[in-house]
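Below, each value reflects all heavy atoms present in this structure, side chains not excepted, and no hydrogens, waters or symmetry copies. Index from 1, following the sequence.
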Amino acid sequence: MVFSSVIFLFFFLTLLFLCYFITPKKYRNFILLFFSILFYTCGEPKNVFYLILSCILNYFFGKWIYESSSKKRKRVLLLISFIYNLGQLFYFKYITFFLENLQLLFPDIAIIRVLLPIGISFYTFQAISYVVDIYRGKHAPAEGLVEFATYLTLFSQLVAGPIVRFNDIQEDLKKKKITIPEFSLGIQRFIIGLSKKVLLANALGEYITVLQTETVLASWMK
């Protein structure tokens, strides 16, 4: 699902707004989390498990680091979180490349082909920033798993960024205060961004694709 698609604009977004505004404020994070997971599942049904697992593990990494009174234990937990997050990122992005090069030395090694989950770099580094900021004492952990998972999976920046710090939106996740001027500004920015995407980015993308194809054909004909 992409932001410029009819399904997103007229079905997903409409249903999200409807459910969000009729739901009491204390349950609105559930709505955001549900629709964010649904948004990701539409594009990555096979890899949504890794996103959910990342939410659970990094929430507890942050919680345990914050509650620990031992600096040594904090460092160990931080190291474990690094190993998990960076290990997961390395596996999906580089395991095939690594094994292909290793096969040059050891021909019997089997090559593993894995499907790279959409947005894994963004949500992985965002999770790392959350755990590191707790370790450094920049902010307290999320009040619950739902609040943290909403922060990590928020569909508006999940698959294409940018990486958002938890303390930048922590108060918004708690208070969920919406004013008419802010809502109007958000709609205005969305329309401008969507127009740039549809009218400029898509058109230029097609032009670049044609240009690249012609360049490749010209190089073959030489």
Side-chain angles (χ1 to χ4, degrees), residues 1-5 7-67 81 84-85 88-89 92 116-134 138-179 182-183 186-187 189-190 193:
M1 189 187 304
V2 295
F3 296 137
S4 56
S5 67
I7 294 177
F8 176 81
L9 292 173
F10 296 101
F11 293 97
F12 181 88
L13 208 56
T14 302
L15 188 59
L16 168 62
F17 281 143
L18 178 63
C19 294
Y20 186 85
F21 286 113
I22 66 173
T23 301
K25 287 187 177 181
K26 64 178 180 179
Y27 299 119
R28 285 180 177 176
N29 281 341
F30 285 97
I31 299 298
L32 290 176
L33 177 59
F34 172 79
F35 277 91
S36 295
I37 296 295
L38 177 62
F39 178 86
Y40 191 83
T41 303
C42 289
E44 288 285 303
K46 294 182 179 180
N47 291 320
V48 68
F49 166 78
Y50 300 106
L51 174 61
I52 295 174
L53 183 63
S54 184
C55 290
I56 296 172
L57 292 181
N58 284 290
Y59 166 74
F60 282 104
F61 284 142
K63 180 180 176 63
W64 293 333
I65 289 174
Y66 183 77
E67 294 176 349
S81 72
Y84 166 72
N85 285 300
Q88 176 181 240
L89 193 61
F92 282 108
L116 181 66
I118 296 174
I120 187 172
S121 297
F122 292 109
Y123 71 72
T124 297
F125 284 116
Q126 189 160 301
I128 290 175
S129 73
Y130 170 82
V131 176
V132 170
D133 283 348
I134 291 177
K138 290 188 175 182
H139 60 74
E143 292 185 353
L145 178 58
V146 172
E147 183 177 286
F148 172 72
T150 303
Y151 153 73
L152 195 63
T153 66
L154 203 58
F155 70 91
S156 58
Q157 49 81 42
L158 174 60
V159 298
I163 296 173
V164 180
R165 296 273 185 170
F166 180 71
N167 58 333
D168 290 335
I169 65 170
Q170 186 175 17
E171 289 301 315
D172 294 325
L173 290 173
K174 290 180 180 178
K175 295 181 179 179
K176 292 176 282 295
K177 181 180 179 181
I178 299 177
T179 63
E182 289 177 340
F183 186 79
I187 294 296
R189 295 182 65 179
F190 179 81

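Counting heavy atoms from C-beta on, the side chains of Phe166 and Ile134 never come closer than 4.5 Å. Under the 4.5 Å side-chain criterion, counting only non-hydrogen atoms from C-beta, Asn85 is not in contact with Leu57. Contact check for Tyr40 versus Thr153: no side-chain heavy atoms found under the 4.5 Å cut-off. At least one side-chain heavy atom of Ile163 sits less than 4.5 Å from a side-chain heavy atom of Phe122. Looking at Phe61 and Asn58, their side chains come closer than 4.5 Å, going by heavy atoms from C-beta outward. The closest side-chain heavy-atom distance from Phe190 to Leu13 is below 4.5 Å.
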Show your working on side chain to side chain contact (heavy atoms under 4.5 Å, CB included) between Leu51 and Leu158 and close with a plain yes or no. CA-CA 10 Å; Leu51 174 61; Leu158 174 60; 4.0 Å; yes
Decide side chain to side chain contact (heavy atoms under 4.5 Å, CB included) for Tyr59 and Leu152; before the verdict, give the C-alpha distance in whole Å, the side-chain angles of both, and the deciding distance to 0.1 Å. CA-CA 10 Å; Tyr59 166 74; Leu152 195 63; over 6 Å; no
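In terms of heavy-atom proximity, Cys19 sits nearest to Ile31 at CB-CG2, 4.1 Å. Here the closest heavy-atom approach between residue Gln126 and residue Val164 is recorded as OE1-N, 3.0 Å. Shown here for Leu154 and Ser36, the closest heavy-atom pair between the two residues is CA-OG, 3.5 Å. Phe148 approaches Ser54 most closely through the heavy-atom pair CE2-O, 4.3 Å. What you find for Thr23 and Arg28 is that their closest heavy atoms are O-NE, 3.0 Å.
Expressed to the nearest 0.5 Å, how far OH of Tyr151 lies from CD of Gln157 amounts to 7.5 Å. The structure places CG of Asn47 at 10.5 Å from OG1 of Thr41, a figure rounded to the nearest 0.5 Å. Distance CZ/Phe155 to CG/Leu16: 5.0 Å, rounded to 0.5 Å. We find the CD1-CG distance between Ile128 and Leu89 to be 7.5 Å, quoted to the nearest 0.5 Å. From Leu116, atom CG reaches atom OG of Ser121 across 6.5 Å, with rounding to the nearest 0.5 Å. To the nearest 0.5 Å, atoms CZ (Phe125) and CD1 (Ile120) are separated by 10.0 Å.
In Phe10, the CZ atom is not crowded: 12 or fewer heavy atoms of neighbouring residues, nucleotides or ligands sit closer than 6.0 Å. The local environment of OH in Tyr27 is sparse, with at most 12 non-hydrogen atoms from other residues, nucleotides or ligands closer than 6.0 Å. For Tyr66, the OH atom counts as loosely surrounded, since its 6.0 Å shell holds 12 or fewer non-hydrogen atoms of other residues, nucleotides or ligands.
Of the possible polar contacts, one joining the Asn29 side chain to the Leu173 backbone as a donor-acceptor pair under 3.5 Å is found. Under the 3.5 Å distance criterion, the side-chain polar atoms of Tyr123 are left unmatched by any main-chain donor or acceptor of Cys55.
Between Gln170 and the options Arg165, Glu143, His139, a side-chain contact (heavy atoms from CB on, under 4.5 Å) holds for only His139.
In summary, the aromatic rings of Tyr50 and Phe92 are positioned with their centroids under 6.0 Å apart.
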